[in-house]
Trainee: 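Structure below; questions to follow.
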Amino acid sequence: MEEVTYEDFLNVPVNDVDNEKGPDSMAEKVELTEQDYADNALLNDAIAYAVVMHRPGLRKGTTMPYIVHPLEVMHILEVMTGDKHLMAAGVLHDVVEDTDATIENVYAKFGEEVGALVAGHTEMHKEDPCEKRKQEALAHLAQAEEREQMLVLADKLANVRAIARDYARYGEDLWQRFKRGKDVQSWYYHAAVKAMAALEFDSAAAPFYKEFEDKVNEVFGFEDGAADAYYQQARKYEMKDAPEKAVDAGNVL
């Protein structure tokens with residue numbers, strides 16, 4: 001099968017709004033402003049770019065194309081806010097970490113607003129030990145502005161939904177597909193719940209935050225003991241991966 005490129009998507013003709021087969025033929029006509037057209041073009045381009053960039057990828061431990069995850073993140077944000085720039089960041093949120101795309105590519109193609117959202121949710125120092133990166137990401141998240149927290153919430157909610165489904169099916173064997181075990185996963189997800197606690201009081205995000213918190217507790221149990229278990233695991237992994245970069249467990253969030 002011939003490889004599809006991002007440019008191939010951009011060259012597909014777009015139906016005119018007056019075309020009988022266009023999107024308005026099954027509903028009342030919707031009056032779109034110039035801003036609506038621009039925002040829709042941005043979102044469509046972001047979807048196309050993500051599809052192409054993630055084409056070789058699979059969801060961890062499955063045969064499912066990776067793109068289903070960014071699309072779910074985008075859909076959560078659609079229901080949460082309907083903010084098309086935030087939705088574009090949602091579908092693009094993993095392209096820098098998981099594909100050959102760079103953050104410079106994202107800024108150039110999708111602008112400052114989307115680029116800044118994706119950058120805020122991207123781990124830039126992949127050479128550091130995993131636990132150190134997670135600590136830094138959580139520290140940043142706790143201070144992040146509302147829209148960036150919404151983006152992270154949508155991502156983590158989509159992830160923990162998948163984990164909950166697979167945990168019900170595979171039980172404790174599930175954790176074999178992760179580089180870090182259940183204790184570390186538990187610490188990280190509980191810490192993410194705490195870092196985004198302000199969203200509990202945001203009318204748009206609150207239902208999704210509550211679902212996230214409930215799913216974390218369903219999969220990992222309540223928080224008692226999670227931090228101590230993490231400290232032990234973090235020290236072990238960091239000393240193994242990069243002894244010179246090992247952090248003092250007392251400084252872990």
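Keep in mind it's a predicted model, so treat the numbers as computed, not measured.
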Trainee: Would you say Phe208 and Val79 make side-chain contact, with heavy atoms under 4.5 Å?
Mentor: yes

Trainee: What is the minimum heavy-atom distance between Leu43 and Met74, and which atoms define it?
Mentor: CD1-SD, 3.9 Å

Trainee: Heavy-atom count around Glu34 CD within 6.0 Å, excluding the residue itself: above 12?
Mentor: no

Trainee: Would you check if Ile163 and Trp175 make a side-chain contact, meaning some heavy-atom pair closer than 4.5 Å?
Mentor: yes

Trainee: Find the distance between CG (Leu174) and CZ (Arg165) and round it off to the nearest 0.5 Å.
Mentor: 11.5 Å

Trainee: With rounding to the nearest 0.5 Å, note down the distance linking NZ in Lys215 to OH in Tyr189.
Mentor: 13.0 Å

Trainee: What are the two closest non-hydrogen atoms of Arg177 and Asp166, and how far apart are they?
Mentor: NH1-OD2, 2.8 Å

Trainee: Please check if the side chain of Thr122 supplies one atom and the backbone of Val118 the other of a donor-acceptor pair under 3.5 Å.
Mentor: yes

Trainee: With a 4.0 Å cut-off, would you call Glu213 and Lys210 a salt bridge?
Mentor: no

Trainee: Decide side chain to side chain contact (heavy atoms under 4.5 Å, CB included) for Asn217 and His190; before the verdict, give the C-alpha distance in whole Å, the side-chain angles of both, and the deciding distance to 0.1 Å.
Mentor: CA-CA 8 Å; Asn217 290 331; His190 279 298; 3.3 Å; yes

Trainee: With side chain to side chain contact (heavy atoms under 4.5 Å, CB included) as the test, would you mind laying out the steps for Lys156 and Val193 before giving the verdict?
Mentor: CA-CA 9 Å; Lys156 301 312 174 191; Val193 170; over 6 Å; no

Trainee: Just so I know, are the side chains of Glu148 and His140 near enough to count as touching, which here means a heavy-atom distance under 4.5 Å?
Mentor: yes

Trainee: Among the clusters formed by ILVMFWY side chains lying less than 4.5 Å apart, do Ile103 and Leu151 turn up in the same one?
Mentor: yes

Trainee: At their closest point, which heavy atom of Arg161 faces which heavy atom of Glu72, and how far apart are they?
Mentor: NH1-OE2, 3.0 Å

Trainee: Could you tell me if the side chain of Ile67 sits less than 4.5 Å from the side chain of Arg55, heavy atoms only?
Mentor: no

Trainee: Measure from the side-chain N and O atoms of Asn105 to the backbone N and O of Thr102, and report whether any donor-acceptor pair falls under 3.5 Å.
Mentor: yes

Trainee: Please determine whether residues Phe178 and Leu157 belong to a single hydrophobic cluster, defined as Ile, Leu, Val, Met, Phe, Trp and Tyr linked transitively by side-chain heavy-atom distances below 4.5 Å.
Mentor: yes

Trainee: Rounded to the nearest 0.5 Å, how far does CZ of Phe220 lie from OH of Tyr167?
Mentor: 8.5 Å

Trainee: Determine, stepwise, if the pair Asp183 / Ser186 fulfils side-chain hydrogen bond (donor to acceptor under 3.5 Å, both in side chains).
Mentor: CA-CA 5 Å; Asp183 287 341; Ser186 176; over 6 Å; no

Trainee: Charged N to carboxylate O below 4.0 Å: is that the case for Glu113 and Arg147?
Mentor: yes

Trainee: Begin with the C-alpha distance, continue with both residues' side-chain angles, and end with the deciding distance and a verdict on side chain to side chain contact (heavy atoms under 4.5 Å, CB included) for Leu138 and Trp187.
Mentor: CA-CA 11 Å; Leu138 286 164; Trp187 173 83; 3.2 Å; yes

Trainee: Can you tell me how far apart CD (Glu211) and CG (Leu153) are? Round to the nearest 0.5 Å.
Mentor: 9.0 Å

Trainee: Rounded to the nearest 0.5 Å, what separates atom CG in Asn159 from atom NZ in Lys60?
Mentor: 9.5 Å

Trainee: Would a hydrophobic clustering, with Ile, Leu, Val, Met, Phe, Trp and Tyr connected at side-chain separations under 4.5 Å, put Val68 with Tyr49?
Mentor: no

Trainee: Counting neighbours of CD on Glu172 that are heavy atoms of other residues, nucleotides or ligands and sit closer than 6.0 Å, is the number greater than 12?
Mentor: yes

Trainee: State which residue, out of His85, Lys84, Met87, Lys109, fulfils the side chain to side chain contact (heavy atoms under 4.5 Å, CB included) condition with Leu42.
Mentor: His85

Trainee: Heavy atoms, side chains only, cut-off 4.5 Å: are Glu146 and Thr81 in contact?
Mentor: no

Trainee: Quick one: does Glu123's side chain have a donor or acceptor within less than 3.5 Å of a partner on Ala137's backbone?
Mentor: no

Trainee: Would you compute the distance between atom CG of Asp45 and atom CG of Leu92 and round it to the nearest 0.5 angstrom?
Mentor: 10.0 Å

Trainee: Do Val91 and Val73 pass the side chain to side chain contact (heavy atoms under 4.5 Å, CB included) test, and can you show the C-alpha distance, the side-chain angles, and the key distance before you say yes or no?
Mentor: CA-CA 6 Å; Val91 80; Val73 172; over 6 Å; no

Trainee: Mind listing the closest non-hydrogen atom pair of Ala198 and Gln149 along with its distance?
Mentor: CB-OE1, 4.4 Å

Trainee: Over all heavy atoms of both residues, which pair between Ala101 and Val95 is shortest? Give the atoms and the distance, please.
Mentor: CB-O, 3.7 Å

Trainee: Is there a side-chain contact between Asp94 and Tyr66, using heavy atoms and a 4.5 Å cut-off?
Mentor: yes

Trainee: Tell me whether Val30 is reachable from Tyr37 by hopping between hydrophobic residues (I, L, V, M, F, W, Y) whose side-chain heavy atoms are closer than 4.5 Å.
Mentor: yes

Trainee: Can you name the nearest heavy-atom pair linking Leu77 to Gly90, along with the distance?
Mentor: CD1-CA, 3.8 Å

Trainee: Any Lys/Arg nitrogen of Glu136 or Lys132 sitting under 4.0 Å from an Asp/Glu carboxylate oxygen of the other?
Mentor: yes

Trainee: Between the side chain of Asp155 and the main-chain N/O of Val152, is any donor-acceptor distance below 3.5 Å?
Mentor: no

Trainee: So do the side chains of Val160 and Gln185 get within less than 4.5 Å of each other, counting heavy atoms only?
Mentor: no

